[in-house]
Structure formats: structure tokens, C-alpha cells
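This report concerns only the one structure given below.
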2 protein chains.
Amino acid sequence: MTVTIIDVAREANVSPSTVSRVIADNPRISEQTKRRVREVMERLEYHPNFQARNLASKSTKTIGVIMAHSTTLAFQNPFFPEVIRGICSRAHASMYGIYLSTGGTEDEIFEEVVSMVQGRKVDGIILLYSRVNDRTMNYLKETRFPFTMVGRPYQFDDEITYVDNDNKKIAHDMVDYLYQRGHRQIAFIGGDLNFVVSTDRLEGYRQALIDAELPNSDDYFIQDQAFKEKGNKSIHELMQLAAPPTAIVAHDDLVAYEIVRYLEELSIRVPADISIVSFNNHALSAYVSPPLTSLDISIFDLGFEATKFLLEKVQNTEAPVVHHLVETNLIERESCKNIG
Amino acid sequence: MTVTIIDVAREANVSPSTVSRVIADNPRISEQTKRRVREVMERLEYHPNFQARNLASKSTKTIGVIMAHSTTLAFQNPFFPEVIRGICSRAHASMYGIYLSTGGTEDEIFEEVVSMVQGRKVDGIILLYSRVNDRTMNYLKETRFPFTMVGRPYQFDDEITYVDNDNKKIAHDMVDYLYQRGHRQIAFIGGDLNFVVSTDRLEGYRQALIDAELPNSDDYFIQDQAFKEKGNKSIHELMQLAAPPTAIVAHDDLVAYEIVRYLEELSIRVPADISIVSFNNHALSAYVSPPLTSLDISIFDLGFEATKFLLEKVQNTEAPVVHHLVETNLIERESCKNIG
DNA sequence: CTGAAAGCGCTTACAG
DNA sequence: CTGAAAGCGCTTACAG
């Protein structure tokens, strides 16, 4: 039924080995036989069997992509399609395919990664998140399996290749940006502190307050979980402080949209009464009301570069550890007001 | 280095065949030996080699997911993560993995599908789109390779299993909804007519106008391409008609957001001056201003069901052709006004 | 209930 | 420049 290397060999009057070498474009085969064999391959509509190739050559030409546990960052968030687009773009250029993790819970994801690694399903893995004390990451590190991360690892920094934004710095810059526009009471609505991206941004925010000698009360910081559970209440409380903030930094545009809505309920207008700035610059942030000032974090590049460095590792086990920071770009729209 | 079935066999004092049967949980093996073999597998940290298994058993336990050519529907659109979530959920339940297409252009995608099929990379394929005269779909149909589609195929309806919304009906219903609220001049901003979803919705819209004996001028229909190229101009023209619409149906929420913005530029308020309703109900549609009345099309279910039917096909070549319509649900928010 | 043997479709030293 | 042979790590009739 299926045409194999043997059929091609017979038809072209060469050995299977030669056909195999033609497929790999081995330079030791004469152009003449190459041409002849290729002709036969075309005529018989021969396509190499992926599985057989992988088994014999001990490589798979595919990379595994692991998303964070789905209730958190991954879904409903435009980050995902965009980072995948970056990954696919780079992978495709090197003829690599993408194998996607499908697990729901953290344990399922871990099991899937183990079976990807042990079962030789993929040549390398990209972790699309960085979590504090992540079992999956520790496993990959210990087995010395090629992997890269989108996001700075919590520890073992010097052993792990990753791609990230400079989250501490961009959060610091964001506060400075507000400071320059006259803001002195600056609140921060953070992300899930189990993810390093969230702790980094929080740290950058805090450091910026210290550096600018601004009030640094815990009242100005709202945790992800508190916000998720009772967002309107927490915003309510925030605005009822003796010195309510004049500006809010949100961990993500989705969070910013929600804040705007809760403020609306309180008849507080953005940016007239309070300014909001945010990170990640979703495609829709130009369309919300008011259009959101947000930091573009180059999601495509995060995926692209993570893949690039992974492929280097796959092709060369001795490839050096790389920490690559991707550029960001503040998109100023209408959610922030100068009160200087 | 890697521990194989042979190592396990030796250690457990059985033959490799027996180990293989234990892996497959073959009922002909005694519970006692199963237990013994499993113990050894655990102790040696044995994991079956995926490639070898696939090669020998001629199945891959993975399904290929093909997105539309990326400039069009697929990216920046929350449809993608959500449909993937549905696919992963169902696939994971049957221990299937996901192989994602990475191609950029239509030709690249086609080549990738051919190599997935011929190279036996996957057991079946899900097409995440339905396009008019699609080479990839024709290829799958002709090779009789198991596949399902998210979206009604352009032709060969009776040979192809697909999952879809009833796009003609929901577009018809949308017009009826506006009609009941007093609207008589109803415009439609459509999607890319190369996709069946767009032609179906357009047809439903047109039929509804006819059924309700409403004005059915071409001036009330704006094509996707015209809108993309000069959206503000086309909305401008629309509103300067002798009888401008009192309501607009948008093909997608993203389009609706853009329309709202262009209307704003013209100082036309939604819903005070004009109503807007839309399809797909993105997660953010609650946050835009005004919150958008939109039809939830159950994206997760589309992915889930497409996968379910695909797996049935994979497991049974004789599985009947199925056309499954997924429920929709109108989410009423504040972009539509009753002018009756 | 279990084993010996052939085979899945390739790749890759080794030999010439 | 090309071929014969072994091997990648499994599965699966077949035989007992």
C-alpha cells in the first residue's frame, strides 16, 4: 500500500541505502543518481515515513511547547496565539514541527512532559511560563534535556537558557513614567505571584517607589488573587484610602479593563480622575474606552527567540547558556493624564 | 543509556513480547506477571519509546491541527486559544497528542499537511477553518485520510464530517432580533468571503431581510476587504446614505470594536444613535465601551466536538459522516437599543 | 498464559 | 560513489 524506500530503490536500480542518502542530500552521492532517484520518488509519490526516520536517526524534528496550567495565564489571553506564531515561524524555518501539551492540571502537564522526554517524542521543549518551584522545570534541568523558557527561571539562572522581558526594569520605568507626569500616589494591581513575571514586576514597582521616595504602603498593592475574588471591592477600598492613588499600574491589559469598569461603577473617570497604564499591549487595547496606554512586550519575538536558542541547544549540547532580553515599547494612548 | 523493553524483560525474567503486552494491558497476561513487570518498569524508570511504538503499531496517537493561513482569521483572535483548549481537552482524555501546523502561506500549509499524512505523523487531522476551494481539504478528501472540519465545507457536504454553528440561521436570527427591536434599516459588515462562515452569515442576513421585507440594498453590505482597507471611509459612506442604517450587524467582535471607533470619529453614539450587534463574543466584549451585545458561538465546544468525531473516525474508518451544529447563545449587553 | 521470530521503514557505520 | 548488514525499540501473528 504505502510506498517505501525499498520500492524506490528497486525502481531506480540502487540500494535502499542510496535512496536514504538521496533523501538526506548526502554529498557523497553523484548528482546523476540523485536526479534519477528523485525522479522515481516523485513518480511513485514517495514520502519518507516520519516515525521510521525518527527511530533510526534518534531525532524527531519536533519541539514540545508547554503552556502554563490553563486556569492562569494561558487562555483567553492573546499572549498565547502570538507567542505560538513566533515559535512556529522560527521552527518552520528549520523544518521543525510543534507538539503541543494538552494537559489541564499541573500533574497532567508534568506527566506529559515526562512522556515527551522519555518517550523521545520531541528533541527539545519550550516552557511558556516560569513558575516558582516548578516540578516540570526541575525535571527538565535534572535530566539535562534541551529546553528553554519564556520567562526568567526562579532559580538556577546560570544553568538555564531563557528569553524574557526585563520585567523589573520595565515596571520600574512604568512608575518613573507616571512620576514624570506628576503622579506621586501610584498603586499596583499585580499578577499571580507564583509566576516569576509577577514577582519581578512587583519588585520593579517597589524599587521605583523607593528610588523616587514615594509612599510605599501595602495598601497600594493589590494581589492577583484578591483582585480576582473581589475586584470591585478591592478597587473600592483603594479609592477610599486617605490618600487614594492618582495612577494605577496594572499587571496586564485584561486587568486594566476590569479596573476601568470598576472605577466606572464608582463614577471615577479615566484619565480625568485617575490614570491607568498597563503591560502587554493586547490587540484590543486600542479599542477599549479609554484607549489604553500599555507596554508592548514583543510577544512574537519572545516565542521566536526562545525557539532559536532551543534549536541551538538541540543541535549542539554544548551550546552556552543564553539570557536574552526582548525589547519593549510603550504605546501611549489615552488612559494616562499629566497632572504635573 | 536508555532503558528499553529488553532491559525490562531481562530483569523481570520474561520475554520482550510479554513486556509489550503488559504495556498494552493485554488481558491474556496474568495479573501476577503484570504486577512483576510493572514493578521492574517503575524501578528502571522505563518509558516506552513513542517512535518505536508508532512504527510497529502503525498509529501515532496524535492528531494534526491545521490553522488557516495566518494573516486572516487565526491570530490576534481569541478564537484560537479557545478552540485549542477544546481540542486538547478531548484529545487528552483519549491520550492523544496535538501536532500543530506551523506553515505561514497557503502552500506551506498544504505541504505540511501532505507530509503529515504521507509521513504518518498523525492519525487524523482537524481543519480549523473552511475555505472555498481549499486544496488542502480536497487532498484530505481524496486520500481518504481521517479528518474533520470546524466549519461547514464549501462542497462535498455529504462526505465530510464537520462541526459548526448554524451560521445562516444565527445571522438570520440576529436580524430578526434587531427587527423585533424596531430596526428596519440594518447593515452588515461581513467577513472574508473566501471562508464559508462568512458566506453563510451573509446569506442568513440577506434571507432575513427578504423574509422581513426590509430594504436590501448593496449599500448596506460592506465587504471585509473594503472594510480592512478603508474602514472609516466605508462607515462614513454608510452613515451618509439617504436612509442610513439604525443598526449594524458585525461579522466579529473585533470588527464591531473598530466600527464603534469610526462612529465615534463621526460623533455618532452607540447605542443612542445606532445599534451594533456582533458574533463570537470575545472575552473582552464585556469591557469595551459600550459593552457589546454579541453571540456566543461556543468555541470550546467546536474544538471539543471536532476532536470527538475525528477520534471516532480514526478508530473506525467506517464511522458515519456527522454534521454537528453547536449551540449559540446571545449575550445581551449595551450596544443595542430598542427603537420600536 | 507466554515466547521466538518476523517486521514496521528507515539510518549509518563498515567495507569496497 | 555505492551496497550489504545491523540496528533503532517496539508490536503482533503464530505456535505452544
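Residue numbers start from 1 in every chain, and the chains themselves are labelled A, B, ... in the order their sequence lines are given, proteins ahead of strands.
Using a 4.0 Å cut-off, no side-chain N or O of Thr4(B) falls inside it from OP1 or OP2 of dG9(D). One finds no side-chain N or O of Thr33(A) lying less than 4.0 angstrom from the OP1 or OP2 phosphate oxygen of dC1(D). Distances shown here put every side-chain N or O of Lys58(B) at or beyond 4.0 Å from the OP1 or OP2 atom of dC10(D). For Ser17(B), no side-chain nitrogen or oxygen approaches OP1 or OP2 of dT12(D) to under 4.0 Å. Between Ser20(B) and dT12(D) there is no side-chain N or O to OP1 or OP2 distance below 4.0 Å. Residue Ser15(A) places at least one side-chain N or O under 4.0 Å from the OP1 or OP2 atom of dG3(D).
Nearest-nucleotide positions on DNA chain D place Leu55(B) closer to the 5' end than the other of Leu55(B) and Arg21(B).
Using a 4.0 Å heavy-atom criterion, one finds that Val19(A) contacts no nucleic acid atom at all. Residue-level contact check: Arg53(B) touches the backbone only, with heavy atoms under 4.0 Å from sugar-phosphate atoms and none from bases. Note on Ser30(B): only backbone sugar-phosphate atoms sit closer than 4.0 angstrom, heavy atoms only; bases stay farther off. As judged by a 4.0 angstrom heavy-atom cut-off over every strand, Tyr46(B) is placed among residues touching the sugar-phosphate backbone only.
Ion pair Arg36(A)/Glu39(A) not flagged as a salt bridge, since none of the NZ, NE, NH1 or NH2 atoms sits closer than 4.0 Å to an Asp/Glu carboxylate oxygen. Ionic pairing of Arg38(B) and Asp25(B) is present here: one or more N-O contacts between side-chain nitrogen and carboxylate oxygen are shorter than 4.0 angstrom. Under 4.0 Å is where a charged nitrogen must lie from a carboxylate oxygen, and between Arg90(A) and Glu305(A) no such pair does.
Both the sub-6.0 Å distance and the 45° axial angle are satisfied by Arg135(B) relative to the ring of Phe110(B).
Looking only at side-chain heavy atoms (C-beta outward), Leu127(A) and Met137(A) come within less than 4.5 Å of each other.
Aromatic rings of His324(B) and Tyr162(B) (six-membered ring for Trp) have centroids beyond the 6.0 Å cut-off, not under it.
Considering only side-chain atoms of Asn49(B), the nucleotide from dC10(D), dC10(C), dC8(C) that sits closest is dC10(D).
Taking a pair as Watson-Crick or G-U with both hydrogen-bonding distances under 3.5 Å, the stems of three or more pairs touching DNA chain C are C:1-3 with D:14-16, C:5-12 with D:5-12, C:14-16 with D:1-3.
Regarding Ile29(B), its CD1 atom lies at a distance of 12 Å from the C1' atom of dT12(D), rounded to whole Å. Here dC1(C) presents its C1' atom at 10 Å from CG of Asn26(B), a figure rounded to the nearest Å.
Judged purely by distance below 3.5 Å, without hydrogens or angles, the side chains of Arg21(A) and Ser17(A) never pair a donor atom with an acceptor atom.
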